[in-house]
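All values reported here derive from a predicted model rather than from experimental measurement. Every chain is numbered from 1, with letters handed out A, B, ... down the list of sequences.
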Amino acid sequence: MSFDIDSIFDKAASGKSLVKNRQALTIDYVPEKLPFRDEEAKTLAQVLSTVFKGARPSNLLLFGKPGTGKTAVAKNVVDRLQKKSNELKIDVTVIFINAKAAGSAYKVLFEIAEDLGINKEEQGKQVHFTGLSMGEATDRILQYIQKKKLHFILVIDEIDSLVDKSGDDILYNFTRANQRMMSKGGFVTLIGISNSLTFKDKLDPRVRSSLSEEETVFNPYTVDQLRQILQERSKLAFNEGAISDAAINLCAAMAGREHGDARKAIDLLRVAAELAEREGATRVDEKHVRAGQDRMEKDAPFVALKNAPVHHKLVIIAVTKSKSGTTGDVYDTYLTLCKQVEQKPLTQRRVTQIISELELLGLVSTDIVNQGRYGRSQKIKITIPMTTVKEALKEDFASLITTATN
DNA sequence: CATCCACTGGAACCTATGGGTG
DNA sequence: CACCCATAGGTTCCAGTGGATG
């Protein structure tokens with residue numbers, strides 16, 4: 001067992017690492033300069049600059065596919081705005097929230113309150129992490145803004161997930177609040193960032209028109225742009241000569257194949273670098289990028305499966321064991337599995353729901369088939385190799401899986 | 001060409017958890 | 001104390017649905 005361990009440690013300790021700034025390869029990293037996004041940044045800055053004249057900037061929506069730089073541009077501009085406002089001694093309160101990371105609508109409100117410092121100051125008017133109604137929580141926040149006459153810029157990243165989960169009530173209240181506060185000195189500017197271009201359709205017309213007073217669409221990067229982005233990022237992240245041009249080009253090409261997702265490209269670069277370091281290579285090459293791509297493809301379903309709740313796992317096993325793969329058949333198989341492991345089975349309704357969740361995760365694929373007189377159903381297939389399933393589930397359901405393969 | 005199967009998928013409702021206000 | 005709140009993860013109920021079959 002001890003064959004290689006010393007040499008692994010030695011390699012790591014010898015300081016011959018390829019990466020000089022690992023931070024630059026993470027998703028959270030916001031670079032100083034954002035190539036190919038000057039126009040968008042300029043628009044955003046122009047809109048927000050109104051605040052320095054003491055007036056309310058327009059609300060703004062930023063659209064674009066994942067990895068097109070929306071969040072980075074917003075963070076970048078907003079950071080500078082804050083710095084400038086400190087310099088000029090003009091009060092601007094900026095809060096940046098990721099609705100998806102926050103989890104639920106209420107938690108978004110809670111985070112806003114937390115960041116504003118309401119909970120430290122306002123005795124009896126705090127926004128606790130549970131217990132209040134949404135309306136009450138919103139009111140308290142708005143009242144605070146009004147009382148303090150705050151010039152408040154609220155950036156909501158992944159705003160679509162907020163609306164999906166709990167409708168546009170919160171947005172409605174925030175946009176409407178401006179009309180009430182107008183004369184009294186405080187105001188709220190909302191900046192929404194959305195991945196989905198159809199996001200606006202889900203909004204109430206009143207919210208829609210006031211939320212998208214201005215709009216900016218982020219187009220995907222071209223492969224060539226991705227290449228340049230990766231090149232600049234590599235200069236920050238890697239030591240001189242620690243990555244080949246070919247590797248960068250390949251990264252760009254792979255990520256650009258679907259739509260120019262810079263995040264994916266940078267992820268891939270990072271994974272490739274890790275693999276290269278691990279094998280003690282002196283620089284990152286094409287083969288590491290390929291291996292990285294490979295690993296990312298394999299890892300995602302493995303992790304998803306391993307962390308899935310018990311019944312999701314059982315459903316997966318049922319899918320692999322089921323003969324015909326129709327919903328009814330899978331459900332029957334699932335029922336017997338439940339009996340074997342002494343789990344209380346869920347209803348069929350819930351199981352079909354789980355199946356569609358698994359489909360979203362890409363673990364399973366479904367086709368609707370019509371057997372006329374014999375009804376209409378889904379044909380469900382696993383889309384990942386059996387070995388992955390076995391590997392991921394062996395701890396929980398070793399016995400079921402061995403019988404599944406026989 | 002109407003029928004009718006075996007589901008699909010929307011919607012309301014339920015329960016537990018972890019709280020709140022007056 | 002009585003009664004209210006949000007959320008996750010379920011259940012119950014039920015109106016569709018597409019096309020092979022009689």
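Atom-to-atom, CZ of A:Phe129 to C1' of C:dC5 comes out at 13 Å; the value is rounded to the nearest Å. What separates CD1 of A:Ile368 from P of B:dT8 is a distance of 8 Å, to the nearest Å. Residue A:Ile355 contributes atom CD1, which lies 14 Å from atom C1' of B:dA6 at whole-angstrom precision. One interatomic measurement links the two molecules: CD of A:Gln371 to C1' of B:dC4, which rounds to 14 Å at whole-angstrom precision. Remark: P of B:dG20 and CG of A:Leu109 are 16 Å apart, rounded to the nearest angstrom. Atom CG of A:Asp169 and atom P of C:dC5 are 14 Å apart (whole Å). Between A:Tyr106 atom OH and B:dG18 atom C1' the separation is 12 Å, expressed in whole Å. At whole-Å resolution of the value, CZ in A:Phe110 and C1' in B:dG18 are 13 Å apart.
Taking 4.0 Å as the cut-off between side-chain N and carboxylate O, A:Arg283 and A:Glu277 do not count as a salt-bridged pair.
Listed nucleotides C:dA20, B:dT8, B:dG20 differ in distance to A:Arg373; the shortest reach to its side chain belongs to C:dA20. Set against C:dT7, C:dG19, B:dT21, the side chain of A:His128 has B:dT21 as its closest nucleotide. Counting only heavy atoms from C-beta on, A:Ser377 has its side chain closest to B:dT8 among C:dG18, B:dT8, C:dC5. Candidate nucleotides C:dT7, B:dT8, B:dT21 were compared by shortest atom distance to the side chain of A:Ala105, and C:dT7 ranks first. Of the candidates C:dT21, C:dT17, C:dG10, the closest approach to any side-chain atom of A:Tyr374 belongs to C:dT21. Picking from B:dT21, C:dG18, C:dT12 the nucleotide with the shortest atom distance to the side chain of A:Arg140 gives B:dT21.
Regarding contacts with the backbone of C:dT11, a side-chain N or O of A:Thr347 is found under 4.0 angstrom from either OP1 or OP2. Between B:dA6 and A:Arg376, no contact under 4.0 Å exists linking OP1 or OP2 to a side-chain N or O. Residue A:Thr352 places no side-chain N or O under 4.0 Å from the OP1 or OP2 atom of B:dG9. Of the side-chain N and O atoms in A:Gln378, one or more sit less than 4.0 angstrom from OP1 or OP2 of B:dT8.
Other residues, nucleotides and ligands contribute at most 12 non-hydrogen atoms within 6.0 Å of the NZ atom of A:Lys84.
In this structure, A:Lys75 is positioned above the aromatic face of A:Phe96, its NZ or CZ under 6.0 Å from the six-membered ring centre and within 45° of the axis. Note that A:Arg37 lies in the cation-pi zone of A:Tyr221, set by a 6.0 Å cut-off to the ring centre and a 45° limit from the axis.
Here A:Gln353 lies out of heavy-atom contact (under 4.0 Å) with every strand.
With contacts defined as side-chain heavy-atom distances shorter than 4.5 Å, the pair A:Glu274/A:Arg295 qualifies.
Taking 3.5 Å as the limit, the base of B:dG18 and the side chain of A:Thr130 contain a donor-acceptor pair of atoms between them. Side chain A:Arg349 to base B:dG10: a donor-acceptor pair is found below 3.5 Å.
Classified by interplanar angle (parallel below 30°, tilted 30° to 60°, perpendicular above 60°), the ring pair A:His151/A:Phe187 is parallel.
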